[in-house]
Every structure is written in C-alpha cells, then in structure tokens.
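For reference, the structure is listed below as structure tokens.
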Amino acid sequence: MNRQPSERHIIWSNLSLDVDDWREAYKEFLEANEIDADPNDENGLYEYMVETNDEYLTDERLNLDVRLSQPIIVIGDLGLWNGRRSGYKMIDSGNIKDCLFSDTDYTEWYVDKYGDLRADAVHHDGTNHYLYRAFKDGVSDTQKENLQYKIYCGKATRADITRVTKRLGDEIAKVYGFPIPKQRTAAELSR
C-alpha cells in the first residue's frame, strides 16, 4: 500500500515532521514575539514544531467545515497486535471536518489519485489505513447495514463500497483548488 507523494494531496500530517524544516520559522517566531530564548534549543524548537503543526490541523478543520447530506463511513484496515482486521465507524454528522480526528500517535490525511479521502494512522501496535466515504442520497438503511456487515466480516469489495457511497475528494478539491480526476460514471465502469 505504498503510495508516492505525487499520487496524493496531503491535507495534514504529523508523520514525517523534521525539526530542520522548522528552524527558520522558529527563529522568526522568537524575533517577532521578542522572546528571549535560544533559537538553537532543540527542545524549544521541537515544542514549537509540534504546537504549530497542531494549530494547522485546527485550521484544516475550519477549512473543511463542509456538511454533506448523508453520514460518512470510515472503513478501516486496522493493524492490531494480533494481526490486521477490517472495521468501520460512522460519522453521523456528515461533516468532512469530523474526519480529521485521531487517537493515534501519528496521522496523515490525504486525497488519493482516485479522489478518496484517506488516512494512515500509526500507533503502538501498527498502522491503520482509513478510507472515508459518504453514503449516496437515496441509499436505504438496509443497504447501509449490508455494507457495514460486509466490512465487519472482511468481505466488502470496492464495488460493494462504491455502489452505496461516494468519494469526498470532490468537495475537498473545491476547498483547496487542486485538480482531481473526473469520477467515472456507471456506464464507463461497466465497460
């Protein structure tokens, strides 16, 4: 599941933070705020990097305050201490900003080359991979429950997922203005 950076539009990440990338900004921050601190202090630099990056996540939640007409389902490929498992979680608000929460150590949210919002979340047992999709308008409760059951059993296919859900990348691309491939229609998929 190795994806190249050119295949994704990163929304927010704390996966690969490098203090060297933050040194100049930290010095400018100290000078601008007239803070008498050593700009070469690694602990201060690290704290600045983490706190500032976390503030960026708050900004992204504000940017993605986009309420959809249906709930969002998070489909997880979970790395657990006893192996990989499938799972799901519902975001009943249907708001894209509510996708940007994690209880893992490191997380990266991005839109992949197919227009899907995804996340890679690292924790002490392994890495979880999440796919965020909104239910399509007109999908019945039975159809939703059937998809949830298939995910729970580890038997959901891409076709099962796309039949009753839609990607979130279109709405996200509108906010950030990046290009996204056109979604194929049902007729194009059947060829």
Side-chain angles (χ1 to χ4, degrees), residues 1-69 71-79 87-134 167-180:
M1 191 180 251
N2 184 11
R3 293 181 185 88
Q4 300 301 318
S6 62
E7 295 180 344
R8 61 175 73 187
H9 296 276
I10 296 175
I11 305 302
W12 184 87
S13 178
N14 65 354
L15 270 180
S16 303
L17 294 179
D18 183 347
V19 292
D20 290 331
D21 296 337
W22 294 79
R23 284 188 195 286
E24 194 59 38
Y26 180 55
K27 288 177 186 175
E28 290 172 10
F29 167 78
L30 293 176
E31 290 171 11
N33 292 288
E34 299 178 5
I35 298 172
D36 186 24
D38 179 5
N40 297 314
D41 173 41
E42 293 293 314
N43 289 332
L45 172 60
Y46 182 80
E47 286 177 28
Y48 170 80
M49 175 186 71
V50 171
E51 288 175 13
T52 303
N53 196 57
D54 286 349
E55 289 172 11
Y56 294 162
L57 178 56
T58 301
D59 292 344
E60 300 314 332
R61 288 181 183 131
L62 292 171
N63 291 339
L64 292 175
D65 187 4
V66 178
R67 187 171 304 276
L68 305 173
S69 61
I72 296 169
I73 186 167
V74 185
I75 302 166
D77 171 19
L78 310 173
Y88 69 89
K89 174 183 173 182
M90 297 299 297
I91 299 177
D92 292 323
S93 70
N95 197 317
I96 295 174
K97 74 176 182 179
D98 295 334
C99 297
L100 302 181
F101 287 92
S102 178
D103 59 359
T104 58
D105 299 321
Y106 303 99
T107 307
E108 180 170 272
W109 284 279
Y110 58 94
V111 175
D112 70 11
K113 67 180 181 178
Y114 303 108
D116 280 317
L117 176 61
R118 294 185 174 270
D120 296 328
V122 178
H123 55 91
H124 66 279
D125 286 331
T127 302
N128 298 342
H129 303 285
Y130 301 122
L131 168 62
Y132 301 81
R133 303 275 297 191
R167 67 189 190 176
L168 301 180
D170 300 286
E171 295 298 327
I172 296 168
K174 284 180 197 175
V175 170
Y176 294 109
F178 58 75
I180 193 165

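- Side-chain atoms of L168 and D116, non-hydrogen and from C-beta on, never get closer than 4.5 Å to each other.
- Applying the side chain to side chain contact (heavy atoms under 4.5 Å, CB included) test between M49 and each of V19, D20, N14 identifies V19 as the sole match.
- Every ring pair (Phe, Tyr, Trp, His ring centres under 6.0 Å) that F178 has, sequence neighbours left out, goes to H9.
- With a 4.5 Å cut-off on side-chain heavy atoms, L17 and W22 count as touching.
- Of the possible polar contacts, one joining the W12 side chain to the N53 backbone as a donor-acceptor pair under 3.5 Å is found.
- Put simply, the side chain of Y176 does not reach to within 4.5 Å of the side chain of V111, judged on heavy atoms.
- Looking at residues two or more places apart in sequence or on another chain, you find a side chain to side chain contact (heavy atoms under 4.5 Å, CB included) between V74 and K89, I91, Y130, Y132.
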Could you go step by step and tell me if Y110 and E108 meet the side-chain contact (heavy atoms from CB on, under 4.5 Å) rule?
CA-CA 7 Å; Y110 58 94; E108 180 170 272; 4.2 Å; yes
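- Under the rule for a side chain to side chain donor-acceptor pair (under 3.5 Å), the partners of T107 that lie at least two apart in sequence or sit in another chain are S102, T104.
- One finds a salt bridge joining R23 and E42 here, because a Lys/Arg side-chain nitrogen approaches an Asp/Glu carboxylate oxygen to under 4.0 Å.
- N40 has its side chain within reach of K27: a pair of non-hydrogen atoms, C-beta onward, lies under 4.5 Å apart.
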In sequence, state the C-alpha distance, the side-chain angles, and the governing distance for N128 and D120, and then conclude on side-chain contact (heavy atoms from CB on, under 4.5 Å).
CA-CA 6 Å; N128 298 342; D120 296 328; over 6 Å; no
Between L68 and N95, does the side-chain contact (heavy atoms from CB on, under 4.5 Å) criterion hold? Intermediate values first, please.
CA-CA 6 Å; L68 305 173; N95 197 317; over 6 Å; no
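- Note: E47 CD to D41 CG = 8.0 Å, rounded to the nearest 0.5 Å.
- Ion pairing of D112 with R8 is absent here, as no side-chain N (NZ or NE/NH1/NH2) approaches a carboxylate O to less than 4.0 Å.
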